[in-house]
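This report concerns only the one structure given below.
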There are 2 protein chains.
Amino acid sequence: MKLKNLTFAVVAMGVASGVLAQVKPEDQIRYRQSVMNVMGRSFGALNAMAKGEAPYNKDAAAKNAAIVEMMSGLPAPAFGPGTDKGAPTKADMKVWSEGEKFKTAYEKMVGEVKKLPAAAGDEATLKAQVGEVGKACKGCHDDFRLKEARN
Amino acid sequence: MKLKNLTFAVVAMGVASGVLAQVKPEDQIRYRQSVMNVMGRSFGALNAMAKGEAPYNKDAAAKNAAIVEMMSGLPAPAFGPGTDKGAPTKADMKVWSEGEKFKTAYEKMVGEVKKLPAAAGDEATLKAQVGEVGKACKGCHDDFRLKEARN
């Protein structure tokens with residue numbers, strides 16, 4: 001299982017993998033979906049600013065960038081062995097069968113997200129970085145997220 | 001609707017209420033559930049350390065405390081008018097009919113959670129503060145969270 005070494009930013013986040021390993025697959029699936037939901041809401045707020053659909057607000061941009069950054073590393077260990085099923089999920093089986101490719105795509109996202117907080121202080125810089133993060137999100141979703149949930 | 005003034009820590013977090021107001025009730029319900037799930041996972045890690053079920057780890061404690069703190073204010077605006085239904089939810093209707101009481105219980109939680117990051121650096125202090133946060137969580141859940149989800 002190539003994902004055995006999938007530590008990413010999560011270990012750096014200090015979330016003990018031992019604790020996560022005790023969690024049931026369905027709860028790990030729900031956890032990663034929850035993190036993605038929280039991350040998506042805040043990234044959506046940044047994206048709205050970048051697109052001019054919402055007014056640029058420096059404080060709101062900083063806070064949402066911090067939320068996206070904090071969330072970005074959390075799902076990684078919840079994609080571990082045995083979490084490919086157990087609850088409806090849009091995770092493609094390629095997450096597990098093409099683990100190295102998934103890891104690369106995931107880490108690309110984490111790397112771009114890390115630049116968001118610094119970019120949030122300036123509207124033009126934020127807009128550019130939101131674009132880079134969006135591409136990284138899409139890159140991973142195109143290859144590893146199904147359009148419909150499977151059981 | 002007493003919750004009209006329910007701004008809590010979320011506005012301080014810079015999440016524009018205008019953006020949230022455009023979100024469908026079912027998505028607001030899913031969002032608050034997602035935040036609670038992420039918060040619960042990290043609080044669970046802290047609680048395990050406090051109970052001696054997991055070894056105390058200063059870095060893991062700090063990171064999980066930061067996650068809990070960041071999450072704590074986010075659900076508030078997602079309990080706004082019109083979000084009492086739209087998807088299965090354990091939120092008691094008293095959230096809306098007894099808005100001031102809910103606000104007080106919610107803010108008690110936020111207040112105790114704010115002390116977690118500083119407490120995380122010392123095992124005994126963390127243990128004591130985890131107890132206080134746990135009581136605040138329970139206080140709100142006892143009164144405002146149903147045991148089973150309703151539609």
Side-chain angles (χ1 to χ4, degrees), chain A residues 9-24 26-49 51 53-75 77-78 87 117 120-121, chain B residues 9-24 26-49 51 53-75 77-78 87 117 120-121:
Chain A
V10 183
V11 170
M13 287 296 290
V15 178
S17 58
V19 172
L20 278 167
Q22 299 164 12
V23 179
K24 288 184 288 187
E26 58 264 42
D27 291 333
Q28 295 207 2
I29 291 170
R30 184 164 172 235
Y31 178 69
R32 65 197 192 208
Q33 290 169 342
S34 294
V35 172
M36 290 293 191
N37 187 283
V38 175
M39 184 159 57
R41 175 71 67 98
S42 282
F43 186 67
L46 296 173
N47 198 38
M49 289 184 207
K51 287 186 173 175
E53 296 168 1
Y56 172 71
N57 177 296
K58 196 169 182 170
D59 289 342
K63 297 299 181 182
N64 281 300
I67 292 169
V68 172
E69 186 187 23
M70 184 172 271
M71 293 301 102
S72 66
L74 298 184
Chain B
V10 182
V11 169
M13 288 295 291
V15 179
S17 58
V19 172
L20 279 167
Q22 299 163 12
V23 179
K24 289 184 289 187
E26 59 264 42
D27 291 333
Q28 295 207 3
I29 290 170
R30 184 164 171 235
Y31 179 68
R32 64 197 192 209
Q33 289 169 342
S34 293
V35 173
M36 290 293 192
N37 186 282
V38 176
M39 184 160 55
R41 175 71 67 98
S42 282
F43 186 67
L46 296 173
N47 197 39
M49 289 184 208
K51 286 186 174 177
E53 296 168 0
Y56 172 71
N57 177 296
K58 197 170 181 169
D59 289 343
K63 296 299 180 182
N64 281 300
I67 292 169
V68 173
E69 187 188 23
M70 185 173 269
M71 294 300 102
S72 65
L74 298 184

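Here is the naming used below: chain letters follow the sequence lines, and residue numbers restart at 1 for every chain.
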B:Asn37 vs A:Asn37, side chain to side chain contact (heavy atoms under 4.5 Å, CB included): CA-CA, chis, key distance, verdict: CA-CA 11 Å; B:Asn37 186 282; A:Asn37 187 283; over 6 Å; no
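- Using a 4.5 Å cut-off between heavy atoms, B:Ala66 touches chain A through backbone and side chain atoms alike.
- The shortest distance between side-chain heavy atoms of A:Val23 and B:Arg41 falls below 4.5 Å.
- Side-chain contact between A:Met71 and B:Val38 is present, with at least one heavy-atom pair separated by less than 4.5 Å.
- For chain A, the nearby parts of B:Gln33 are the backbone and the side chain; heavy atoms of each come within less than 4.5 Å.
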